[in-house]
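Submitted below is the structure of interest, expressed as structure tokens.
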Protein chains: 2
Amino acid sequence: MSADRPEPVRRLPRAQRREQILVAATEAFARSGYAATGLDDIASEACVTRVILYRHFDSKTDLYQAVLDRMCARLDAHVDEPVGGFSDASVDGLLAAAIESPAGFRLLFQHALREPEFKERIEKFRADITAAAFLQIAAVVPDKALARWAAQLAPVVAIEAIIAWLDAGQPEPSRAAARVRQAVMGVIGAAVASEVDCSLPAPARTEDHP
Amino acid sequence: MSADRPEPVRRLPRAQRREQILVAATEAFARSGYAATGLDDIASEACVTRVILYRHFDSKTDLYQAVLDRMCARLDAHVDEPVGGFSDASVDGLLAAAIESPAGFRLLFQHALREPEFKERIEKFRADITAAAFLQIAAVVPDKALARWAAQLAPVVAIEAIIAWLDAGQPEPSRAAARVRQAVMGVIGAAVASEVDCSLPAPARTEDHP
DNA sequence: CCAGTTGTGTACTTGAAAGTCAACATAAGG
DNA sequence: CCTTATGTTGACTTTCAAGTACACAACTGG
């Protein structure tokens, strides 16, 4: 029979294969981070064997760096602010990057940022945003330590808001950016308020509205 | 001479040594998570050798579980709400736990929550809070998906606010809880607002106050 | 003061994951 | 059609961290 060949074994041009591996690696790393992800996990995610990875990347570290660089480049492309401000455009850019590659977004901000070996790559990014946020917040918050707190929290909230938005199924995409900004504003508001003693809404009863 | 003995080699009663190891392990794990932390890192952090760890714990996994359990127990002790609501008391409890053990707090919510192997232990905790938050938010936010977004984000913001507060040097401890609540309220407000198009404060110039 | 119990350290074994090698398969060019 | 360059693979070696065995040291009770 002519069906002797078990699998046609699809072959791809080099650049395309490399891209496929990067995508697969992003997915795999995004699940558990660098250390907990084996090269076999990545290989099976990309539907190739482990050796292929070495044909395109020198080592596991090299591959991870490539994944990170690729995602950082995307971020830079979307949110390229010359003076590095934390403004409306920043949120729009972050959101666009997150839509383009949710796994990459999670990888960067949930895993890579906590891995001492690699954090400095993203730390630069975060530090810039935090510094910019501090300047803006310090203008309205006299207390230095308080301003630092808010400045550190604001970018985190923006990022977590975007991740939560992804998890919630990306509801009303057109207004997402505005809501993220609103959430950040709320956080800044908490720092501005000088004499606050607010309470959260009363714990809702299950039968609260008949 | 009587000073022949190089080091007196201080020995501790079992319970005390175990506690010391747990503290050290919490610190070490909090730096890089489970997979990226070697037993040698923990041992040197505790100023003992790796073998001692096995005298107190069966395996690396067992040790990690013990660390997590210890921290979860602390959380439960501080924020024991029978019906599991996300209220003022919850924030107070979280804050108290974070003060008691910053490293443990970070470990739980920055690392363990992202480790598939162990996340379920904390996931129960987080899911309860998120569910409670959803009930409260759903009462004021008609859109289901939007409410889910806010419900998922609110606890995260509370936690991140506390972590940022730790990083900022724990400014004004007496008002910290109120500010955290305020930040959470701000986030909920972002979900409530039906027609939002707010902007962040204008990017501050570097030479804004001479 | 001596013996038993328990905590501690040095040196070793083991297993899993990273990294390597030589052969096969497939498409393009002479 | 045959050669060649490159994508692909199964099987192998190496390396490092988890886990183990045995010898030593210190406190406790007789």
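Because only heavy atoms are used, hydrogens play no part in the values below, and waters and symmetry mates are left out as well, while side chains stay in.
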Review point. Which residues in residues 26-33 of chain B have at least one heavy atom lying under 4.0 Å from any atom of DNA chain D?
Key: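 Those residues: none at all.
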Review point. Nearest-Å distance, CG (A:Asp58) to P (C:dA18)?
Key: 16 Å
**Study point:** Under-4.0 Å side-chain N/O to phosphate OP1/OP2 contact, A:Thr49 with D:dT8
**Key:**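 No, no such contact exists.
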Review point. Salt-bridged, B:Arg50 to B:Asp41, with N to O below 4.0 Å?
Key: no
Check your understanding: Can you find a donor-acceptor N/O pair under 3.5 angstrom joining the side chain of A:Arg55 to the base of D:dT8?
Key -> yes
Review point. If you measure from CG on B:Leu53 to CZ on B:Arg17, what distance do you get to the nearest 0.5 Å?
Key: 10.0 Å
Check your understanding: Is the NZ or CZ atom of B:Lys60 positioned over B:Tyr54's six-membered ring, under 6.0 angstrom from the centre and within 45° of the axis?
Key -> no
What's touching nucleotides 11-18 of chain D from the protein side, N or O pairs under 3.5 Å?
{"residue": "D:dA18", "atom": "OP1", "partner": "B:Leu39", "partner atom": "N", "Å": "3.4"}
{"residue": "D:dA18", "atom": "OP1", "partner": "B:Lys60", "partner atom": "NZ", "Å": "3.3"}
{"residue": "D:dA18", "atom": "OP2", "partner": "B:Leu39", "partner atom": "N", "Å": "3.1"}

Practice item. Please list, chain by chain and in numerical order, all residues satisfying side chain to side chain donor-acceptor pair (under 3.5 Å) with A:Arg126, sequence neighbours excluded. Key: A:Glu123
**Study point:** B:Arg18 to B:Phe57 - nearest heavy-atom pair and separation
**Key:**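 Between these two residues, the closest heavy atoms are NH1-CE2, 3.4 Å.
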Review point. Is B:Glu115 reaching over with its side chain to a backbone N or O of B:Gly33, donor-acceptor style, under 3.5 angstrom?
Key: no
Exercise for review: Return the minimal non-hydrogen interatomic distance between A:Ser32 and A:His111, and the atom names on each side.
Suggested key: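 Where A:Ser32 meets A:His111 most closely, the heavy atoms are C-CE1, 3.7 Å.
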Practice item. Check the distance between C:dA18's P and A:Leu53's CG and give it to me in whole angstrom. Key: 10 Å
Check your understanding: Which whole-number value in Å describes the distance from B:Arg17 CZ to C:dT8 C1'?
Key ->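 Checked: the CZ to C1' distance equals 9 Å.
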Practice item. Let me know the distance between CD1 of A:Ile52 and P of C:dA25, rounded to the nearest Å. Key: 15 Å
Point to revise | Below 4.0 Å: OP1/OP2 of C:dT6 and any side-chain N or O of B:Arg14 | key: no
Review point. How long is the line joining CZ of A:Phe57 and P of D:dG7, in whole Å?
Key: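 Whole-Å distance recorded here is 13 Å.
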Exercise for review: Determine the minimum heavy-atom distance between B:Leu95 and B:Ala176, stating which atoms define it.
Suggested key: CD2-CB, 3.9 Å
Check your understanding: Can you tell me how far CZ of A:Phe29 sits from CG of A:Leu68, rounded to the nearest 0.5 angstrom?
Key ->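 Separation between the atoms: 9.0 Å.
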Point to revise | Rounded distance (Å) that lies between atom P of D:dT9 and atom NE2 of A:His56 | key: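 Between P of D:dT9 and NE2 of A:His56: 10 Å.
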